[in-house]
> 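The structure is given below, and queries will be raised subsequently.
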Amino acid sequence: MNKRWLFVWLVLIVAFALPVGALALALFNAPAPYRLIAEPDAQWRAGQVLPAGGRAMVRSLSDDAAARTAARRTLESISTSSSSSMPGVHRYRARAGDEHGLILAIGRYVLVVAAPDDAALEQAIAAVPFIAPNAERSGVAAMLDRHLWGFVAGILGYALLFILLASRTLAWAARRPPLPDVPAAGEADLRSRLLALDFPGVSASVRADGELVFERAGEGWVEQLRLQFDGNGNVVRALSGGSAQWARSLGHRFDFFKYWWRTMPRGPRSDQVAELVQSLGWVWQPVFTFRRLIGG
């Protein structure tokens with residue numbers, strides 16, 4: 001592995017591991033969202049009606065660990081359309097009746113609060129007299145607890161940025177410069193030399209937009225190497241294409257993964273094509289997509 005690839009892998013590992021690790025640390029070290037300020041009366045164990053159509057019930061367990069286990073099992077017993085969980089705190093949306101609820105392990109108690117919607121649920125929670133919001137609650141944990149979809153949107157946004165970073169850095173690492181001291185051939189000459197290549201079982205064609213395509217086909221699969229030409233910078237941008245490549249590659253001892261990560265893209269005789277491009281003074285630039293923003 002050369003220094004360029006080593007640098008790319010280090011960047012991608014850090015870009016993935018650093019935010020994930022920081023998020024996990026913030027969540028697991030965060031204070032509980034609520035604190036117990038009084039012992040609940042016995043009447044709460046039978047259930048209580050709360051404002052805004054809410055209701056609540058309390059269970060008493062032997063200790064804190066038993067309460068956390070009971071809270072988790074309570075969530076598992078409810079048929080939900082969505083839920084979010086962190087240690088001792090579970091929010092859910094019931095599949096039946098679209099009910100919104102909070103299951104909270106607080107001390108040795110399990111508190112279950114349910115209401116018709118999120119706003120009503122917050123009113124019902126505020127009406128429970130023996131708990132109070134924890135002022136030391138961390139921002140990340142509070143966002144996950146109260147604004148799940150905003151939190152998920154943030155995660156998806158970062159995932160898209162990570163994909164952009166990965167595609168651009170991997171394309172940069174796979175870039176092959178022209179051979180030293182070789183003047184760049186004209187685009188027409190390069191195209192004619194590429195079309196003159198004769199690979200067994202591989203056809204070459206030119207599309208209406210000028211894209212050159214090498215293609216190899218078999219039963220149930222088509223494998224392509226698509227080339228676009230940038231005459232201003234003397235760059236050939238290369239992209240893998242075709243159909244059923246994953247299934248075919250999986251059947252060949254994962255050779256696709258090994259080849260793709262190293263040279264990008266995989267295609268009919270892509271190494272030989274790349275060497276010809278370099279020998280004629282052009283840059284060989286593999287990409288994930290021909291879209292400039294993502295592919296490079």
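Counting begins at 1 with the first residue of the sequence. All values reported here derive from a predicted model rather than from experimental measurement.
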> Evaluate whether atom CG of D181 has more than 12 neighbouring non-hydrogen atoms of other residues, nucleotides or ligands under 6.0 angstrom away.
no
> Taking the side chain from R216 and the backbone from V202, do they hold a donor-acceptor pair closer than 3.5 Å?
no
> Taking the side chain as C-beta and beyond, is there a heavy-atom pair between L160 and L156 under 4.5 Å?
no
> Can you tell me how far the CG atom of L75 sits from the OG atom of S85, to the nearest 0.5 Å?
5.0 Å
> Would you indicate whether the side-chain heavy atoms of L102 and V89 approach each other to under 4.5 Å?
yes
> Given the rule that I, L, V, M, F, W and Y join up when any side-chain heavy atoms are under 4.5 Å apart, are V235 and W172 in one cluster?
no
> By side-chain contact (heavy atoms from CB on, under 4.5 Å), which residues pair with A71, not counting sequence neighbours?
H90, I103, A105, V110
> If hydrophobic clusters are built from ILVMFWY residues whose side chains come within less than 4.5 Å, do L111 and I78 share one?
no
> Of all the heavy-atom pairs spanning A114 and E99, show the shortest one and how long it is.
CB-CD, 3.5 Å
> For the pair F16 and V11, evaluate side chain to side chain contact (heavy atoms under 4.5 Å, CB included) and give the outcome as yes or no after the intermediate values.
CA-CA 9 Å; F16 178 80; V11 167; over 6 Å; no
> Backbone N or O of A119 within a donor-acceptor pair of the D117 side chain at under 3.5 Å?
yes
> Using a cut-off of 6.0 Å, state whether more than 12 heavy atoms not belonging to Y158 lie near its atom OH.
yes
> For I131 and I125, run side chain to side chain contact (heavy atoms under 4.5 Å, CB included): C-alpha distance rounded to whole Å, both residues' side-chain angles, the deciding distance at 0.1 Å, then the answer.
CA-CA 8 Å; I131 65 170; I125 294 170; 4.1 Å; yes
> Would you say V113 and L104 make side-chain contact, with heavy atoms under 4.5 Å?
no
> Please examine the side chains of R45 and S60, heavy atoms only from C-beta on, and report whether any two atoms are closer than 4.5 Å.
yes
> For the backbone of G88 and the side chain of R72, can you confirm whether one donor and one acceptor N or O come within less than 3.5 Å of each other?
no
> Side chains of L18 and I13: closer than 4.5 Å at any heavy-atom pair?
no
> Using a 6.0 Å cut-off, check whether atom CZ of F162 has over 12 heavy atoms from anything other than its own residue.
yes
> Quick one, V283 and Q278 - any side-chain contact, counting heavy atoms below 4.5 Å?
no
> Looking at E187 and R193, is any side-chain nitrogen of the basic one under 4.0 Å from a carboxylate oxygen of the acidic one?
no
> To the nearest 0.5 Å, how far apart are OG in S82 and OH in Y92?
11.5 Å
> Can you name the closest pair of heavy atoms from V273 and L197 and give their distance?
CG2-CD1, 4.2 Å
> Output all residues satisfying side-chain hydrogen bond (donor to acceptor under 3.5 Å, both in side chains) with E39, sequence neighbours left out; order by chain, then residue number.
Y109
> Could you go through the side chain to side chain contact (heavy atoms under 4.5 Å, CB included) check for L280 and V182 one step at a time?
CA-CA 7 Å; L280 293 176; V182 175; 5.9 Å; no
> Side chain to side chain contact (heavy atoms under 4.5 Å, CB included), that's the test. Do V58 and V128 meet it? Break it down for me.
CA-CA 11 Å; V58 174; V128 177; over 6 Å; no
> Is the shortest heavy-atom distance from the side chain of F214 to the side chain of L227 under 4.5 Å?
yes
> Measure up the W44 and F130 rings against each other and bin them: parallel (under 30°), tilted (30 to 60°), perpendicular (over 60°).
perpendicular
> Would a 4.5 Å heavy-atom cut-off, applied to side chains only, mark V206 and E211 as touching?
no
> Could you state the interatomic distance from CG (D118) to CZ (R93), rounded to the nearest 0.5 Å?
7.5 Å
> So does R176 get a backbone contact from the side chain of Q285, meaning a donor-acceptor N/O pair under 3.5 Å?
no
> Can you see which heavy atom on L179 is nearest to which on S279, and at what distance?
CD1-CA, 3.6 Å
> May I have the step-by-step check of salt bridge (charged side-chain N to carboxylate O under 4.0 Å, His left out) for E215 and R226, ending in yes or no?
CA-CA 9 Å; E215 184 173 287; R226 299 164 52 194; over 6 Å; no
> Can you name the closest pair of heavy atoms from P19 and V14 and give their distance?
CD-O, 3.8 Å
> Looking at A238 and L225, what are the two nearest heavy atoms and their distance?
CB-CD1, 4.3 Å
> Quick check: closest heavy atoms across N234 and W282, and the distance to 0.1 Å?
C-CE3, 3.2 Å
> Can you confirm whether more than 12 heavy atoms, excluding those of R4, are under 6.0 Å from its CZ atom?
yes
> Is R175 positioned over the aromatic face of W284, cation under 6.0 angstrom from the ring centre and no more than 45 degrees off axis?
no
